[in-house]
**Q** 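This is the structure I want to talk about, given as structure tokens.
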Amino acid sequence: MRQRNSVSYDSGHTWPPPPTENEETETQRAERLEQEKEAKRISDEIDKAIEQQRQEMKSKRPQMKILLLGQAESGKSTMLKNFQLHFTPKAFKAESGAWRAVIHLNLVRSVNFILDLLSPNPQFNIPTSPASSVIVTRFDGLGISQAADTQPASFSGPIIEPTDELKRLRMRLSPLKRVEEMLSKRISADDPQPSRKGLNSASEVSVRSGSGWKALARLSHRTRPQSPNELEDAGRVIEACRDDITELWADPLVQKGLAGNEIVLQEQSGFFLNEVSRIASKDYVPTPEDILKARLQTMGVEEHHLIMETGQFSTESGREWVIYDVGGSRGQRPAWAPFFDDVNAIIFLAPISAFNQTLSEDRSVNRLWDSFYLWQSICTNRILSNMTIILMLNKVDVLETKLNSGISFAKYVTSYKDSPNDLEHVSKYLKAKFTAIHRQHSSRSRKLHIHLTTATDHQATSIILVRIRELILTNNLIDSDFV
Ligand SMILES: Nc1nc2c(ncn2[C@@H]2O[C@H](COP(=O)(O)OP(=O)(O)OP(=O)(O)O)[C@@H](O)[C@H]2O)c(=O)[nH]1
Ligand SMILES: [Mg+2]
């Protein structure tokens, strides 16, 4: 939260400094002390008036509070970034440098993931080929169920048998393991979380709420002169590896090996391998699009204060919006409930592209099924019965790519039967299912606001956010033109 700067008269650091004792007569001293007393009285009065005004403003323009909910990787933090980019662009820009380290880490993770596939002893926690296990979702009437079609298979030895050229690249890129460790440690600060790595996802890096990671990840020895500049070193190593990374990613055997194991790195969070030459360059500065694509797992509940900036929405300018961004993995969901009765609206994100994926925290659970289950529990919750709820069916771009590439929706959602495998029909079907769950499980009838979103597309998302802002203000009986 931004704070008002104030001058302390008690600090003893007045300017100009008071004359020394032998330059000042007794009368002059008394006069000076009287003047200082008067100055302090006036200053206190001004402070009091400002505080009173602030309180009045606050009571006229109450804070708006939004809670972002949804499973892990549904796009909650990305939606928060959209709010910041749209409503507080100056603050967003001021923080953008901190994302450089995260994007470098995302890039290095993808490279190390491929290097692991080439390794004689792959370091994957879960010996499961995604091709061998299909967890399906079914709708039985209005109920939802899930089942495994086949058992997971295990593997041994390298997943992609490397040629001599690939072995050479593996050697040359080996310093990136150290870079990944260093960047993870730096971003996670003193509280690194254990990473999880499966064949269909690279390891995760997370930050605990309030850990101040942005300050730690800012590329500046000026602000941390006491520590060696590891971030600059990491940037130099990545830059030196730039051509080798490009070569590794373009290697036909790597591409074939990935495809053969149904690994689509492009669909994974924080994928930057197609932009190596730009991101691995010395002068790289993240663009807003890069920041929206960056992946950093949230742990706990983060509270973000957005002070609406002047410009586009002058009537809203200065109002404070509080957005709670939560960690979405199963173990973190109990932390959500205490926020339920203290917010004006909930935005629930369901990543509808995840129909053929399983939860990284539990490989036996289909991600779409989990979203339906979570949505049902939000709809059922009595504390939320009067709450404005906005449902975002997110990752529409990924859903479309998957369907267009021939991945069958009906194979994973068996109740879809033989309806057309295209975006229009699948999204209509999903909208109807989410709406039906809402209707059936809400204790009171209420309007549901659904949006199909691609949170990485800022322009399209902005239009939706403006509508959501109006909706929340209206539903909370607040006229946005009030002050
Ligand atoms: N292509 C695409 N990527 C998206 C979309 N929405 C989010 N992402 C990406 O998906 C990844 C995960 O998004 P996050 O916003 O970190 O997910 P989250 O819900 O905050 O996840 P947790 O913090 O683990 O609960 C990020 O790399 C985003 O850039 C989308 O609509 N399309
Ligand atoms: Mg998050």
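Predicted model, so just to flag it, every value in this text is computed and none were measured. Each ligand, and each atom within it, is numbered from 1 in the order the structure gives.
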**Q** Measure up the Phe348 and Trp375 rings against each other and bin them: parallel (under 30°), tilted (30 to 60°), perpendicular (over 60°).
**A** tilted
**Q** Only heavy atoms count here, so choose which of Glu73, Glu289, Glu361, Glu302 is nearest to atom 21 (O) of ligand 1.
**A** Glu73
**Q** Side chain or backbone, does Leu292 bring an N or O within less than 3.5 Å of an N or O on ligand 1?
**A** yes
**Q** Mind running side chain to side chain donor-acceptor pair (under 3.5 Å) on Ser281 and Asp283 for me, showing each step along the way?
**A** CA-CA 6 Å; Ser281 73; Asp283 306 320; over 6 Å; no
**Q** Would you say ligand 1 has an N or O under 3.5 Å from any N or O of Asp397?
**A** yes
**Q** Quick one: angle Ser77 OG - the Mg ion (ligand 2) - Thr298 OG1, to the nearest 10°?
**A** 90°
**Q** Under 4.5 Å between any side-chain heavy atoms of Thr358 and Ser364, yes or no?
**A** no
**Q** Looking at Ala234 and Met182, what are the two nearest heavy atoms and their distance?
**A** CB-CE, 3.5 Å
**Q** May I ask you to check whether Ala72 has an N/O atom sitting below 3.5 Å from an N/O atom of ligand 1?
**A** no
**Q** In the protein, what heavy atom is nearest to atom 31 (O) of ligand 1, and what distance, to one decimal place, separates them?
**A** Ala455 N, 2.8 Å
**Q** Can you list the atoms of ligand 1 that are under 4.0 Å from a heavy atom of Val398?
**A** 1 (N), 2 (C)
**Q** For the side chain of Asp251 and the backbone of Glu247, is there at least one donor-acceptor N/O pair under 3.5 Å apart?
**A** no
**Q** With side chain to side chain donor-acceptor pair (under 3.5 Å) as the criterion, how do Asn394 and Thr453 come out once you've worked through the C-alpha distance, each side chain's angles and the decisive distance to 0.1 Å?
**A** CA-CA 5 Å; Asn394 193 35; Thr453 55; 3.0 Å; yes
**Q** Heavy atoms only: which of Met299, Arg295, Gln332 lies closest to atom 22 (P) of ligand 1?
**A** Arg295
**Q** Of all the non-hydrogen atoms in the protein, which one sits nearest to atom 11 (C) of ligand 1, and at what distance?
**A** Ser269 OG, 3.2 Å
**Q** Under 3.5 Å, N or O to N or O, is Lys395 touching ligand 1 that way?
**A** yes
**Q** Fit a plane to each ring of Trp321 and Phe87, take the angle between them on a 0 to 90° scale, and name the class: parallel (under 30°), tilted (30 to 60°) or perpendicular (over 60°).
**A** parallel
**Q** Please find out if less than 6.0 Å separates the ring center of Trp249 from that of Phe113.
**A** no
**Q** Side chain, backbone, both or neither: which part of Gln71 comes within less than 4.0 Å of ligand 1 when only heavy atoms are counted?
**A** backbone
**Q** Can you name the atoms of ligand 1, numbered from 1 with element, that are less than 4.0 Å from a heavy atom of Gly270?
**A** 27 (O)
**Q** Could you say whether the N/O atoms of Thr298 and ligand 1 ever approach to under 3.5 Å?
**A** yes
**Q** Quick one: do Asp325 and Lys76 satisfy salt bridge (Lys or Arg N to Asp or Glu O under 4.0 Å)? Show the steps, please.
**A** CA-CA 7 Å; Asp325 180 20; Lys76 299 179 293 297; 5.6 Å; no
**Q** Determine the sole option in Arg236, Lys185, Arg186, Arg178 for which the salt bridge (charged side-chain N to carboxylate O under 4.0 Å, His left out) test with Glu230 is passed.
**A** Arg186
**Q** Looking only at protein heavy atoms, which one is nearest to atom 6 (N) of ligand 1, and what is the separation?
**A** Asn394 ND2, 3.0 Å
**Q** Could you tell me which atoms of ligand 1, counted from 1 in the order shown, lie closer than 4.0 angstrom to a heavy atom of Val326?
**A** 25 (O)
**Q** Ring-plane angle category for His458 and His86, please: parallel below 30°, perpendicular beyond 60°, tilted otherwise.
**A** tilted
**Q** Starting from atom 15 (O) of ligand 1, which protein heavy atom do you reach first, and at what distance in Å?
**A** Thr78 OG1, 2.5 Å
**Q** Looking only at protein heavy atoms, which one is nearest to atom 27 (O) of ligand 1, and what is the separation?
**A** Lys293 O, 3.0 Å
**Q** Kindly identify the option in Asp457, Thr456, Ile352 whose heavy atom sits closest to atom 4 (C) of ligand 1.
**A** Thr456
**Q** Side-chain contact test, heavy atoms from C-beta onward, threshold under 4.5 Å: evaluate it for Gln268 versus Arg295 and give yes or no.
**A** no
**Q** Can you report which non-hydrogen protein atom sits closest to atom 19 (O) of ligand 1, along with the distance?
**A** Lys76 NZ, 2.7 Å
**Q** Can you give me the closest heavy-atom contact between Val326 and Leu68, atom names plus distance?
**A** CG2-O, 3.3 Å
**Q** Should Ser329 be listed as contacting ligand 1, given a heavy-atom distance under 4.0 Å as the test?
**A** no
**Q** Between Phe355 and Asn366, which heavy-atom pair has the shortest distance, and what is it?
**A** O-ND2, 2.9 Å
**Q** Kindly state whether the ring of Tyr373 and the ring of Trp369 have centres lying under 6.0 angstrom apart.
**A** yes
**Q** With a heavy-atom distance limit of 4.0 Å, tell me whether Ala294 approaches ligand 1 through its side chain, its backbone, both, or neither.
**A** backbone
**Q** Could a heavy atom of Ser74 be found less than 4.0 Å from some atom of ligand 1?
**A** yes
**Q** For ligand 1, is Pro351 a contact, meaning one of its heavy atoms is under 4.0 Å away?
**A** no
**Q** Going by distance only, is there an N or O of Gly328 that falls short of 3.5 Å from an N or O of ligand 1?
**A** yes
**Q** Below 3.5 angstrom, do we get any N/O pair linking Gly327 and ligand 1?
**A** no
